[in-house]
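To keep things clear, I will list the structure first and then write my remarks on it.
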There are 2 protein chains.
Amino acid sequence: MQHKPINTLIVDDHPMVIEGLKTLLGDDDRVAIKTHFVNGTDTLSFLKEDTVDVILLDVNLPDINGVEMVTKILNIRANIGIIGLSTYSEPSIINQMIKNGVKGYLLKNATADELVNAITQVHQGNFYFGSEVQKILADSVTQESRDLPKLTRREKHVLTLIAEGKTTNTIADELFISPLTVETHRRNLMQKLEVSNAASLIKIAVEKQLI
Amino acid sequence: MQHKPINTLIVDDHPMVIEGLKTLLGDDDRVAIKTHFVNGTDTLSFLKEDTVDVILLDVNLPDINGVEMVTKILNIRANIGIIGLSTYSEPSIINQMIKNGVKGYLLKNATADELVNAITQVHQGNFYFGSEVQKILADSVTQESRDLPKLTRREKHVLTLIAEGKTTNTIADELFISPLTVETHRRNLMQKLEVSNAASLIKIAVEKQLI
DNA sequence: ATCAATATACTGGAAAACCAGTAGAAAAAA
DNA sequence: TTTTTTCTACTGGTTTTCCAGTATATTGAT
C-alpha cells in the first residue's frame, strides 16, 4: 500500500545540513520535502499561511531558540510533528524540548533510515528518539539519582518529611520522637549534604528525587 | 523482506487479557508469543534461564508492582524491550515506569495495529506510546506548570532565588533591595501559594518547574 | 491623566530554624 | 561479643523566618 508522501519542512541555518537532508531523503518516496527555512521568523510566518506534516527543526537557530520555537509552532499548528535536530546534545535542552512537545529528536549524524523512520513515526503521532539521544537521556536520569552521600534510613525519612514542608514539631509528632531529635537529624543532613538551610536541603531532595 | 518474528512474552494475571492478546497478535507473523506468566515471580525466574525480545507487562500484578518489575527485569536482561500495559492510567505511574526503563506503554484497549507497531518499534530500540497515553502524559505536564496563581515577575524571581537555597539577606544583596522587601515578597508568595514556610514554597517551585 | 497593580520599605513581636557540643540507648556490623 | 553506627535526646545561645499591619514610590493599563 502506497500512502501519499509526508510533507516535511526543514528548518536549519546551515545550507550544508539542508542539502544533506534533501539528498538523504530525496530517494525515499515516503517523504516529500516541501521547502526549507533558515530562521525561526520566516518559518512561523510561513506556518500562518500554509502547513506541513512534519518539521525537522534545528535547535540552534540564529533568531529564536529551539525550545521556544516548538511552543510557537504548536501554537499555530497543534498537530504538526516536530523532530528536533542538533549536532551535540545537552540533556536539559532535550528534556525541555520534549516537555514542550517535540515528538522526536535526532543528532545530525542520523542515517537516512533513522530519518525516514523518525518522520514516519512522528507523522503517525508516535515518538521517535535516536539511539544516541536515548543514551544521553538515560545517563542524565541515572546521574541525578546517583551520588548522594550515604544517608541513614532515618535521615532519608526525615529528609522527605522536611521536603514535604513539614515543621520540626510536626515531624517529631509523626515519628513519635522528640523535636530535638528531629533537629539533630536535620543538622546531620545539612552537614552531610553540605548546605546550611532547609531550603537547599529540599532542593537537593527534589533533584535526587527522594520525594 | 521477512525478518524472523519478534519473541514476545506476556505477563498479566487476567486470563482474558492473555487470550485477547494472543488472538490479536496471532495473525501477525512479525510477532511470536513465546509464552505467558500470571505473576512477577515466575516471570523473573523464567528470565534467569531464558530470554525474549519484548515483554508486554501488566502494571498491576498480584505479587510485584509494575514499577519494580521493570527494574528487576532490566537487571536480569538489560536489552529486553518492555511495554507497559494497564486498563486505566495514572500519569505518575507511567512516568515512573518510563524513568525505570519501559520503552512503550499502552492501554488495554489498544488495537492490533498499535500492538504490533509498539512491539516492532520497541524491539528496534525505539519508544512507542499509545495516543491515549501521550494525551495523559501531556495533560499531566501542562497541569503541573499550569495553575499556579499569577505571581508577579519580581515574586517569581524571588521565589527562584529562595528555591536556590539563598537566604533573605543574600537575595536582598543580589537584587539591591532591602531584606525587609524580600521578606515582604516571601510573605506574599506564601500567601498566594497557600503555604506557611519556605520549605513548601520550594517544593512548589520545583514541582511547577520554576527552577 | 488616573486608577490599579506592583515593588519597595518599615515596626515590633512570636516562632522556628540554625549552631556547637555532649551523651546514652539501640541496632548493626565486626 | 565487642565495636561501630545509628538513633535518640539534651543545654544554651544566635540567627532567621514568620506574622500582622502600614505605607509610599513606581509602573502599567485604560
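Computed from a predicted model, the values in this text were never measured in an experiment. Lettering follows sequence order; numbering is per chain, from 1.
Of the candidates C:dC10, C:dC18, D:dC18, the closest approach to any side-chain atom of B:Asn197 belongs to D:dC18. The nucleotide whose nearest atom lies closest to any side-chain atom of A:Asn169 is, among D:dC7, C:dA7, C:dA16, C:dA16. Among the nucleotides D:dT8, C:dA17, C:dC10, the one closest to any side-chain atom of B:Leu180 is C:dC10. Looking at the side chain of A:Ile177, the nearest of the listed nucleotides D:dA9, C:dA7, C:dC19 is D:dA9. Checking C:dC19, D:dC7, D:dA9 against the side-chain heavy atoms of A:Ser178 singles out D:dA9 as nearest.
In this structure, the NZ atom of B:Lys192 is 11 Å from the P atom of C:dA5, given to the nearest Å. Computed from coordinates, the A:Leu189 CG to D:dT8 P distance equals 12 Å when rounded to whole Å. Separating the CD1 atom of B:Ile162 from the P atom of D:dT17 is a distance of 9 Å, rounded to the nearest angstrom. Separating the CG atom of B:Leu151 from the C1' atom of C:dA5 is a distance of 14 Å, rounded to the nearest angstrom. Straight-line distance from the CG atom of B:Leu175 to the P atom of C:dA7: 11 Å, rounded to whole Å. Computed from coordinates, the A:Ile171 CD1 to C:dA16 P distance equals 13 Å when rounded to whole Å. Here the P atom of nucleotide C:dT8 and the CD atom of B:Glu174 are 14 Å apart, to the nearest Å. As rounded to whole Å, 8 Å separates atom C1' of D:dT16 from atom CD of B:Glu183.
Put simply, the side chain of B:Arg187 and the base of D:dA20 share a donor and an acceptor less than 3.5 Å apart.
Between A:Thr181 and D:dA9, a side-chain N or O to OP1/OP2 separation shorter than 4.0 Å is present. Contact between the side-chain N/O atoms of B:Arg153 and the OP1/OP2 oxygens of C:dT6 is not found at any separation under 4.0 Å.
No side-chain heavy atom of B:Val11 sits under 4.5 Å from any side-chain heavy atom of B:Val38. B:Asn188 is not listed as a side-chain neighbour of B:Thr152, based on a closest heavy-atom distance of 4.5 Å or more. Residues A:Gln121 and B:Asn126 form no side-chain contact, since every pair of their non-hydrogen atoms from C-beta on lies 4.5 Å or further apart.
Nucleic acid contact class of B:Thr184 (heavy atoms, under 4.0 Å, all strands): base.
Mapping A:Thr168 and B:His185 onto DNA chain C by nearest heavy atom places B:His185 closer to the 5' end of the strand.
In A:Gln124, the CD atom is crowded: over 12 heavy atoms of neighbouring residues, nucleotides or ligands sit closer than 6.0 Å.
Here CD1 of A:Ile93 is found 7.0 Å from CG of A:Asn60. Values are rounded to the nearest 0.5 Å.
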